[in-house]
Amino acid sequence: MPRLSIKMSLNELFIWVAANMVAMISIFKIIDINNAEYRWLFLLPLSYCILNVLFVRIFSNRVFDSFTIALIHGFYFIRIVLAPLVFAMSGFDFPFENKANATSSIILMIYEMLMVYIVVLVWSSRISKTVSKEIIITNMLYNRCKIILLCIAIALMGLLVLNPNSVLLYRSGLGFFDYEFTGFTSTEIIRQYSGSIVSKFGIVTFRYVFNISRVIIPCIIAMMMKYKQRRERRIVFVTLAAIFIFDFLIMDDTLAYSICYSLITLVFLSRLLDNKKIFNNALFIAAGLVVLFFVARFILSQAVFEREGTSTNPVEYISGILQSYFSGITNIGASLNMDSSSIFERGKYFIYEILRGVPYASTLFGLDDTSLGVFFNTVSGSVGQIVPLLGSSKFYFGYIFAPVLSCVLVAIGLKANRNLVKYSDPFQAISLITISLYATLGISMYSLEIVCVGFFCIALPIFILGKIIK
């Protein structure tokens, strides 16, 4: 049973009070901007305040030492407080073609938050009782890390021989301020340059190996420097430089993956050096990068729209970004339009979402073009939108069990976070951080398919690699 005692530090108390004060402001502002269809929108920040009082325990007793719980709090603050406020200020602009399902969306979001808070309450007491073990870099591990770096280099060069166009999957972050910077997807490039089985194997495998490399190479550098007993400040500086090179100087088709990979490295660095300040700084760095990205995209968009004789309202733009990237009320409302009377069809979509996260899934399982993401965009009249986890869960299991997937992923994330401090193996730590981060991102930003990609294409290979070299 969770502990009933509540010991809140000044930092925890400040976060709790500040979050609820902003939520109260959001309530009154939304009520003031009255709208018939979204008349119950104020219930989102109101429920946030009520649940934060009822579940004050998950803000206390050093639960913020868990990066998973810290991210859950942050995501729900954005989804339930900030996004509805900006949405109301934007004039309640619903970007999809079909009905908004406003009331149902509000009820489901409150229901999901309640169930997730219950899961966090149960697990938070277990995390706070876990004793941390030191990660020790032995001489044998140090030598095998050098072998891993050599093998990665040889593998990537060999895959480039099979398909030299694999380099097109990535681009320099120096072109970040180019308006067309994100105007491509990896799927399109793979499809375009996969003329034969060999070339397709080369480009697909290159992507798998290089994405894993973007995670583990900065971590290995930090491990090797710790073995050499370098000063902590120097280890942090060099690791940050490696993150900049592998995650931001070299980028794929989305900034989100770069931020995700860098967070994995920074959380591991915090664990490796047993320094929680590194993680706290990592959250601020990640938040700053996200803000920088969206500000830059808006400025660039404005320049293009002005040349075309049109303009964009900044509040509408920010609202659209928040709704799309943090599973807001508009995207969840649109996802509720997905429906199927066939349990077999829903089951097929569910199985395919999981299988598509497995490496070489189409070849191994003979998958057809069935995709819940495509179905969602077709029903919604949108392009390139990620289906919200809550919406897909409602599609699979109905309204009553709609929060099931969110609760399962939160439990997986918290369990991985708890086990993180119990083991001293560095590669197992990286794998657990990856699982925990992707599971947490699933409740707010990612679909089940993308979460499974993180599990099977990054976390699992790193775990297996750790077992091989152990």
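Note that the structure is predicted; figures quoted are calculated from it, not measured. Numbers here are sequence positions counted from 1.
In this structure, a donor-acceptor pair under 3.5 Å is present between the side chains of Asn211 and Tyr170.
Under the side chain to side chain donor-acceptor pair (under 3.5 Å) criterion, Gln192 pairs with no residue at all, not counting sequence neighbours. Under the rule for a side chain to side chain donor-acceptor pair (under 3.5 Å), the partners of Gln323 that lie at least two apart in sequence or sit in another chain are Thr330. Partners of Phe395 according to the ring-ring contact (aromatic ring centres under 6.0 Å, His included) rule, which considers only residues two or more places apart in sequence or in another chain, are Tyr349, Phe375. With sequence neighbours excluded, the residues forming a side chain to side chain contact (heavy atoms under 4.5 Å, CB included) with Thr205 are Leu159, Phe201, Val209, Tyr360, listed by chain and number. With sequence neighbours excluded, the residues forming a ring-ring contact (aromatic ring centres under 6.0 Å, His included) with Phe55 are Tyr117, listed by chain and number. Residues forming a side chain to side chain donor-acceptor pair (under 3.5 Å) with Ser436 (at least two apart in sequence, or on another chain): Thr68. With sequence neighbours left out, the side chain to side chain contact (heavy atoms under 4.5 Å, CB included) criterion links Ala88 to Ile30, Ile33, Leu41, Phe92. Residues forming a salt bridge (charged side-chain N to carboxylate O under 4.0 Å, His left out) with Arg214 (at least two apart in sequence, or on another chain): Asp247, Asp252. Partners of Arg191 according to the side chain to side chain contact (heavy atoms under 4.5 Å, CB included) rule, which considers only residues two or more places apart in sequence or in another chain, are Thr187, Glu188. Tyr111 is linked by a side chain to side chain donor-acceptor pair (under 3.5 Å) to nothing, counting only residues two or more places apart in sequence or in another chain. With sequence neighbours excluded, the residues forming a side chain to side chain contact (heavy atoms under 4.5 Å, CB included) with Val374 are Ser371, Thr378, listed by chain and number.
Under the 6.0 Å cut-off for aromatic ring centres, Tyr261 and Phe246 do not qualify, their centroids lying 6.0 Å or more apart.
Note on residues 66-79: pairs passing salt bridge (charged side-chain N to carboxylate O under 4.0 Å, His left out), not counting sequence neighbours, are Arg79-Glu112.
Ring orientation note: the planes of Phe206 and Phe210 are close to parallel, at an angle under 30° on the 30°/60° scale.
Closest heavy-atom contact between Ile203 and Ser166: CA-OG, 3.3 Å. Closest approach of Leu390 to Ala402, counting heavy atoms only: CD1-O, 3.7 Å. Taking each heavy atom of Ile458 and Val215 in turn, the nearest pair found is CG2-CG2, 4.1 Å.
At distances below 3.5 Å, at least one donor-acceptor pair connects side-chain atoms of Trp16 with backbone N or O atoms of Asn52.
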